[in-house]
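Keep in mind that this is a model prediction, so the values were computed, not measured. Order of the sequence lines fixes the chain letters, A, B, ..., with proteins taken first and strands second; residue numbering starts at 1 for each chain.
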Protein chains: 2
Amino acid sequence: MSEQNKVDIYPSMVVADSQENVRAVEKVTIGAQLKAIRTNNKLTLEEASKRTGLARSTLSKIENEQISPTFTVMQKLAAGLNIELPQLFTKPKARQATGRRDITLKSTGKSHVTSTYEHELLATQFRNKKMMPYKSRVYARSFEDFGEWVRHEGEEFLLVLEGEVQLLTEFYEPMTLSKGDNVYYDATMGHLVISVSEEDAVILWVTAD
Amino acid sequence: MSEQNKVDIYPSMVVADSQENVRAVEKVTIGAQLKAIRTNNKLTLEEASKRTGLARSTLSKIENEQISPTFTVMQKLAAGLNIELPQLFTKPKARQATGRRDITLKSTGKSHVTSTYEHELLATQFRNKKMMPYKSRVYARSFEDFGEWVRHEGEEFLLVLEGEVQLLTEFYEPMTLSKGDNVYYDATMGHLVISVSEEDAVILWVTAD
DNA sequence: GGATAAAATTTCCAATAGGAAATAAAGTTA
DNA sequence: TAACTTTATTTCCTATTGGAAATTTTATCC
């Protein structure tokens with residue numbers, strides 16, 4: 001079947017719809033993907049068969065693009081191989097190992113001052129990174145200084161470097177944190193940090209989407 | 001705050017959400033998902049059929065869980081309905097805003113001591129998180145203490161909390177970092193941190209895959 | 001309510017997927 | 001290299017999918 005299997009997704013529908021609808025459906029090869037996952041885990045077809053409950057022959061045929069697995073089979077693959085289903089058809093994001101590195105010496109970062117914080121974004125030279133580290137001096141001293149919750153995608157890690165702050169969150173009681181204390185939380189939950197010490201409080205925080 | 005408060009907090013940390021430990025392998029119903037997508041777009045089976053190039057009957061059967069579509073069919077669905085393939089079996093991100101939170105008070109984390117570092121993993125109660133924060137006391141004082149580069153997937157952010165360290169990397173010259181200095185780098189590049197100050201150096205680092 | 005039109009489901013059959021066993025290919029060992 | 005062992009592929013057959021058309025259900029109009 002091979003040829004047939006090479007998914008001719010467009011022909012008829014492209015004609016019907018505007019260019020917009022034509023998605024860049026990268027040529028996905030579930031077979032190669034599966035084979036890579038299996039071999040990386042040093043599994044033989046026999047072992048993979050045991051784990052997934054699928055026949056060796058079926059696995060072989062999928063790997064060689066001889067058949068298009070049903071969703072049911074894909075689920076068994078994901079469950080048996082302990083992977084997320086999309087991994088079966090998603091490229092493992094080209095590892096570049098560029099050796100990128102960005103050092104920020106104490107107080108050399110770019111500052112951004114507001115009425116509530118003085119933010120210093122760190123590692124500004126390293127673009128497209130997975131985490132965003134900041135060092136901030138906290139000026140805010142009450143919820144009112146903000147007026148509303150801060151809320152955004154992703155997760156956040158916060159460590160108190162100096163002074164004492166209070167972490168206000170939508171679902172928990174206010175929590176006081178001293179130097180050295182830290183907290184990790186879901187940033188979609190409303191959150192705010194205010195200073196409660198004599199001297200200015202300084203915190204480090206790192207976010208990741 | 002201090003002592004008084006710390007005692008209070010301990011509990012909350014332990015309590016810190018256990019819910020989330022349950023790996024969300026929700027039973028996925030591709031049928032309901034497809035139907036939702038189609039109806040939300042106000043498409044009839046006939047129209048969806050035109051766009052995807054699949055028969056009305058096939059669409060109907062998929063929606064009613066009477067058949068398990070092959071990967072080929074799933075691709076046609078995604079392409080024709082202009083959606084990403086995973087949307088077919090992923091809940092529309094039921095923004096849960098669970099408000100997960102995990103506080104680690106100074107020196108309450110679990111420690112792991114080796115000849116090179118004393119690692120304290122932070123936010124241990126918060127499972128399946130995007131970042132892994134550690135606070136470490138550095139004992140190592142030369143490359144030889146390790147014998148080989150540390151290298152792993154993802155990126156790493158490092159901040160010096162106390163003392164002075166040297167960051168050794170595979171591609172760069174050694175860099176000395178003092179309290180407050182920080183660095184962000186690609187962790188697939190060989191890297192090591194050694195102490196170069198009189199007193200023990202303490203660093204915070206956060207990794208993300 | 002009955003008649004009609006539109007949409008969804010079911011039926012029926014050809015095409016394809018998935019499993020058991022046979023075959024082939026790739027290592028291993030003597 | 002032959003004999004053997006392990007792993008992968010192919011064959012052959014049954015079960016299931018996917019498509020065309022018939023049937024049923026739902027919505028609309030009079």
Side-chain angles (χ1 to χ4, degrees), chain A residues 1-17 25 27-83 85-89, chain B residues 27-81 83 85 87-89:
Chain A
M1 52 104 58
S2 38
E3 276 315 308
Q4 176 66 354
N5 202 22
K6 279 183 187 146
V7 189
D8 240 30
I9 321 175
Y10 306 126
S12 61
M13 128 212 153
V14 165
V15 191
D17 255 310
V25 177
K27 171 84 183 210
V28 173
T29 54
I30 204 169
Q33 207 51 30
L34 173 59
K35 186 161 199 165
I37 292 170
R38 177 176 66 82
T39 54
N40 285 342
N41 284 68
K42 306 211 192 318
L43 295 176
T44 63
L45 285 179
E46 174 60 28
E47 295 169 319
S49 167
K50 278 239 172 55
R51 286 175 187 246
T52 60
L54 296 167
R56 287 202 310 279
S57 58
T58 302
L59 296 175
S60 173
K61 280 181 274 193
I62 293 172
E63 288 188 356
N64 293 297
E65 306 282 347
Q66 286 173 22
I67 61 176
S68 175
T70 59
F71 183 58
T72 303
V73 167
M74 289 171 67
Q75 287 181 302
K76 288 182 183 173
L77 285 172
L81 299 176
N82 202 41
I83 57 174
L85 214 153
Q87 282 191 253
L88 287 171
F89 49 83
Chain B
K27 181 62 183 177
V28 173
T29 55
I30 204 168
Q33 206 54 29
L34 173 60
K35 186 161 199 165
I37 293 170
R38 178 175 66 82
T39 54
N40 285 341
N41 283 68
K42 306 219 191 316
L43 295 175
T44 63
L45 285 179
E46 174 59 30
E47 295 168 319
S49 168
K50 278 239 172 55
R51 288 178 185 240
T52 60
L54 296 166
R56 287 201 310 281
S57 58
T58 302
L59 295 175
S60 172
K61 282 182 275 192
I62 293 172
E63 288 188 356
N64 293 296
E65 307 283 351
Q66 287 174 20
I67 62 176
S68 175
T70 59
F71 183 59
T72 303
V73 166
M74 289 171 68
Q75 288 184 107
K76 289 182 183 174
L77 285 172
L81 299 176
I83 57 174
L85 213 154
Q87 283 191 253
L88 286 172
F89 48 84

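The shortest distance between side-chain heavy atoms of B/Ile37 and B/Leu43 does not fall below 4.5 Å. Between A/Thr70 and A/Met74 the shortest side-chain heavy-atom distance does not fall below 4.5 Å. Side-chain contact between B/Leu34 and B/Leu81 is present, with heavy atoms from C-beta onward closer than 4.5 Å. No side-chain heavy atom of A/Arg56 sits under 4.5 Å from any side-chain heavy atom of A/Leu59.
The nearest whole Å value for the distance from the CD1 atom in B/Ile62 to the P atom in C/dT10 is 15 Å. Rounded to an integer number of Å, the gap from B/Glu46 CD to C/dA5 P is 17 Å. Between the P atom of D/dG18 and the CZ atom of A/Phe71 lies a distance of 13 Å, rounded to the nearest Å. Atoms CG (B/Asn64) and P (C/dT11) sit 13 Å apart, rounded to a whole Å. The nearest whole Å value for the distance from the CD atom in A/Glu63 to the C1' atom in C/dA17 is 16 Å. One interatomic measurement links the two molecules: CG of A/Leu54 to P of C/dA17, which rounds to 14 Å at whole-angstrom precision. In this structure, NZ of A/Lys35 is placed 11 Å from C1' of D/dT7, rounded to the nearest angstrom. Here D/dA20 presents its P atom at 12 Å from NZ of B/Lys50, a figure rounded to the nearest Å.
Listed nucleotides D/dA22, C/dA22, C/dA17 differ in distance to B/Arg56; the shortest reach to its side chain belongs to D/dA22. Picking from D/dT17, C/dT11, D/dT9 the nucleotide with the shortest atom distance to the side chain of B/Ile67 gives D/dT17. Considering only side-chain atoms of B/Lys61, the nucleotide from C/dC12, D/dT11, D/dA21 that sits closest is C/dC12. Closest contact between the side chain of A/Leu45 and the listed nucleotides D/dG19, D/dT9, D/dA21 involves D/dT9. Listed candidates were D/dG19, C/dA20, C/dA17. Nearest to the side chain of A/Ser68 is C/dA17.
Positionally, the nearest nucleotide of DNA chain C for B/Arg38 lies more toward the 5' end than for the other of A/Ser57 and B/Arg38.
Residue contacts shown for A/Thr70 are limited to sugar-phosphate atoms, with no base heavy atom under 4.0 Å away. Within 4.0 Å of A/Thr58, counting heavy atoms only, lies at least one base atom of the nucleic acid.
The shortest distance between the side-chain N/O atoms of B/Gln66 and the OP1/OP2 oxygens of C/dT10 is below 4.0 Å.
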| said: For a salt bridge (Lys or Arg N to Asp or Glu O under 4.0 Å) check, start with the C-alpha distance between A/Glu63 and A/Arg38, then their side-chain angles and the critical distance, and finish with the verdict. | reply: CA-CA 10 Å; A/Glu63 288 188 356; A/Arg38 177 176 66 82; 2.6 Å; yes
